[in-house]
Protein chains: 2
Amino acid sequence: MSESGAAVRNTRQRSAVSALLAEVEGFHSAQDLHAMLRDRGERVGLTTVYRTLQGLADAGEIDVMRPPGGEHLYRRCSEGHHHHLVCRACGRTVEVAGPTVETWADRVAAQHGYTDVSHTLEIFGTCPTCTP
Amino acid sequence: MSESGAAVRNTRQRSAVSALLAEVEGFHSAQDLHAMLRDRGERVGLTTVYRTLQGLADAGEIDVMRPPGGEHLYRRCSEGHHHHLVCRACGRTVEVAGPTVETWADRVAAQHGYTDVSHTLEIFGTCPTCTP
DNA sequence: CCGCGTAACGAGAATGATTGTCAAAAGCGC
DNA sequence: GCGCTTTTGACAATCATTCTCGTTACGCGG
């Protein structure tokens with residue numbers, strides 16, 4: 001019921017999604033990834049892609065971003081906590097670490113008595129290549 | 001066509017939305033605000049609420065937040081640039097200023113050659129009242 | 001004060017990503 | 001190999017937001 005059993009199974013579809021995320025670069029929407037899998041010949045349902053991505057996100061194995069555009073974007077990222085510097089023209093992404101920010105956020109939250117703190121931070125700009 | 005004329009008109013509906021935002025506290029969704037206006041007896045269309053909110057957001061008079069939940073939340077905030085510390089249980093919000101973060105973000109972006117930099121930052125936690 | 005041109009309004013339909021449903025198929029332990 | 005349980009997947013449902021387009025009314029010049 002809630003313990004002892006194999007709570008997570010190893011399925012072909014799950015592997016396919018993981019493998020794909022390991023290969024592609026940059027952020028992609030769920031529908032994007034679904035289309036790529038289909039092109040590869042993998043038969044995976046859209047519903048399953050969504051479910052798998054949510055699972056991976058919960059497990060902390062991938063990062064989720066919600067750009068102003070509206071769709072969720074997923075990406076396989078390096079292990080530690082970090083943030084993203086995204087070009088708003090071409091989408092090029094740079095991972096940046098900001099220990100100062102982490103500390104500051106925790107401190108500010110603590111000052112107000114908030115616990116169980118998390119935060120989201122995205123930086124948008126125009127990269128050198130896209131600058132006219 | 002594009003100049004000299006009154007590009008923006010002063011309508012009853014626009015005033016109503018502004019007035020409502022001036023009174024309420026915390027973040028509210030567009031549909032939320034629309035319902036409140038209706039309760040007040042103001043006859044304003046949902047479409048107009050969306051349009052007005054977008055306009056105010058573009059003008060920088062209100063802040064927009066995109067919580068994991070999925071809907072856009074709007075709030076009348078203090079003038080300067082700042083961020084939000086939000087309780088994920090009761091929604092209580094604290095405005096916080098983070099000069100360090102601003103500087104850091106600009107510097108990091110500049111190091112990578114990115115220009116025209118902006119950023120979004122939200123801090124989530126559980127406020128003292130909601131802590132078990 | 002009156003009338004006109006144009007921006008804003010509003011009701012409903014359209015859009016489109018995400019989530020729910022439920023019968024069928026496939027893992028994993030035995 | 002067998003059976004129970006999880007997972008899958010096609011399709012429908014949901015729901016916030018956007019679009020359309022005829023109607024309304026603001027603001028200004030006359």
Side-chain angles (χ1 to χ4, degrees), chain A residues 1-21 27-59 61-75 91, chain B residues 1-21 27-59 61-75 91:
Chain A
M1 201 144 312
S2 50
E3 32 195 334
S4 78
V8 162
R9 282 184 192 176
N10 235 346
T11 66
R12 175 177 53 79
Q13 292 87 343
R14 192 168 306 225
S15 306
V17 173
S18 281
L20 179 59
L21 283 170
F27 282 89
H28 296 274
S29 69
Q31 318 238 1
D32 227 359
L33 294 166
H34 176 239
M36 291 187 213
L37 286 171
R38 177 172 263 181
D39 285 349
R40 283 181 159 208
E42 304 275 5
R43 308 249 288 86
V44 181
L46 179 58
T47 311
T48 302
V49 175
Y50 274 104
R51 260 192 303 238
T52 306
L53 288 173
Q54 273 180 9
L56 291 172
D58 281 351
E61 297 191 34
I62 59 176
D63 271 13
V64 191
M65 191 179 25
R66 303 167 110 299
E71 344 165 54
H72 296 189
L73 300 182
Y74 302 88
R75 184 190 188 187
Chain B
M1 188 149 319
S2 51
E3 29 195 336
S4 77
V8 161
R9 284 187 192 174
N10 233 348
T11 65
R12 173 178 53 80
Q13 292 88 342
R14 191 167 307 227
S15 305
V17 172
S18 281
L20 178 58
L21 282 169
F27 283 89
H28 296 275
S29 70
Q31 320 237 1
D32 225 359
L33 294 167
H34 176 238
M36 290 187 214
L37 285 172
R38 177 174 264 181
D39 284 349
R40 284 182 159 208
E42 303 275 4
R43 308 249 291 90
V44 181
L46 179 57
T47 310
T48 301
V49 175
Y50 274 105
R51 259 192 304 239
T52 305
L53 288 174
Q54 273 180 9
L56 290 172
D58 281 351
E61 296 190 35
I62 59 177
D63 272 11
V64 190
M65 192 180 24
R66 302 167 108 299
E71 342 164 58
H72 297 189
L73 300 182
Y74 303 87
R75 184 189 185 187

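In the text below, chain A, chain B and the rest are named by the order of the sequence lines, each starting its count at 1. From a predicted model like this one, the values you see are computed outputs, not experimental measurements.
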Open item on the list: Side chain of B:Val44 only, heavy atoms from C-beta on: which candidate in C:dG10, D:dT8, C:dT18 is closest?
Closed with: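 Of C:dG10, D:dT8, C:dT18, C:dG10 is nearest to the side chain of B:Val44.
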Task: Selected nucleotide, minimal atom distance to A:Thr48 side chain, candidates D:dG9, C:dG12, D:dT7 - done: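 Selected nucleotide (nearest to the side chain): D:dG9.
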Open item on the list: At 4.0 Å (heavy atoms only), tell me whether A:Thr11 reaches a base, stays on the sugar-phosphate, or touches nothing.
Closed with: sugar-phosphate
- [ ] Output all residues satisfying side chain to side chain donor-acceptor pair (under 3.5 Å) with B:Gln54, sequence neighbours left out; order by chain, then residue number.
- [x]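 So B:Gln54 forms no side chain to side chain donor-acceptor pair (under 3.5 Å) with any residue.
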Would you kindly give the [atom1]-to-[atom2] distance between [X] and [N], to the nearest whole Å?
X       : N      : atom1 : atom2 : result
A:His72 : D:dC15 : NE2   : C1'   : 13 Å
B:Glu42 : C:dC9  : CD    : P     : 13 Å
B:Asn10 : C:dC9  : CG    : C1'   : 15 Å
B:Arg9  : C:dA7  : CZ    : C1'   : 4 Å
B:His28 : D:dA16 : NE2   : P     : 16 Å
B:Arg66 : C:dA17 : CZ    : P     : 14 Å
B:Leu46 : D:dT20 : CG    : P     : 17 Å
A:Glu71 : C:dT18 : CD    : C1'   : 11 Å

Open item on the list: Short of 4.0 Å, heavy atom to strand atom, which residues of residues 49-57 of chain B count as contacting DNA chain C?
Closed with: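 Those residues whose heavy atoms fall under 4.0 Å from DNA chain C, taken from residues 49-57 of chain B in numerical order, are B:Arg51.
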- [ ] Check DNA chain C against residues 31-39 of chain A and give the residues with a non-hydrogen atom under 4.0 Å, in numerical order.
- [x]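 Contacts with DNA chain C under 4.0 Å: A:Gln31.
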TODO: Compare every heavy atom of A:Ala30 with every heavy atom of A:Val49, then report the nearest pair and how far apart it is.
DONE: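 Nearest heavy atoms, A:Val49 then A:Ala30: CG1-O, 3.8 Å.
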Can you name the residues that form a side-chain contact (heavy atoms from CB on, under 4.5 Å) with [X], not counting sequence neighbours?
X       : result
B:Glu61 : B:Leu56, B:Ala59
B:Leu73 : B:Phe27, B:Ser29, B:Met65, B:Pro67
B:Ala57 : B:Ile62, B:Val64
B:His28 : B:Val24, B:Asp32, B:Leu33, B:Met36

Task: Any pair counted as side-chain hydrogen bond (donor to acceptor under 3.5 Å, both in side chains), so long as it reaches residues 33-44 of chain B, sequence neighbours left out - done: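 Sorted result for residues 33-44 of chain B: B:Glu23-B:Arg40.
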- [ ] Start with the C-alpha gap between B:Leu21 and B:Leu53, add the side-chain angles, then the distance that decides, and say whether side chain to side chain contact (heavy atoms under 4.5 Å, CB included) holds.
- [x] CA-CA 10 Å; B:Leu21 282 169; B:Leu53 288 174; 4.0 Å; yes
Open item on the list: Within this structure, what is the CZ-CZ distance for the pair B:Arg9 and B:Arg14, rounded to the nearest 0.5 Å?
Closed with: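 B:Arg9 CZ to B:Arg14 CZ: 10.5 Å, rounded to 0.5 Å.
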Open item on the list: Go through it in stages, so that I can follow the logic: the residues are B:Tyr50 and B:His72, the test is side chain to side chain contact (heavy atoms under 4.5 Å, CB included), and I'd like the CA-CA distance, side-chain angles, deciding distance and then a yes or no.
Closed with: CA-CA 10 Å; B:Tyr50 274 105; B:His72 297 189; over 6 Å; no
Task: Qualifying residue, where the test is side chain to side chain contact (heavy atoms under 4.5 Å, CB included) with A:Thr52 and the options are A:Val44, A:Val17, A:Thr47 - done: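 Only one of A:Val44, A:Val17, A:Thr47 forms a side chain to side chain contact (heavy atoms under 4.5 Å, CB included) with A:Thr52, namely A:Val17.
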TODO: Would you indicate, yes or no, if D:dA25 has its OP1 or OP2 atom less than 4.0 angstrom from a side-chain nitrogen or oxygen of B:Gln13?
DONE: no
Open item on the list: Based on the rotation axes of five pairs at each end, what angle does the helix from C:dC1-D:dG30 to C:dC30-D:dG1 bend through, to 10°?
Closed with: 30°
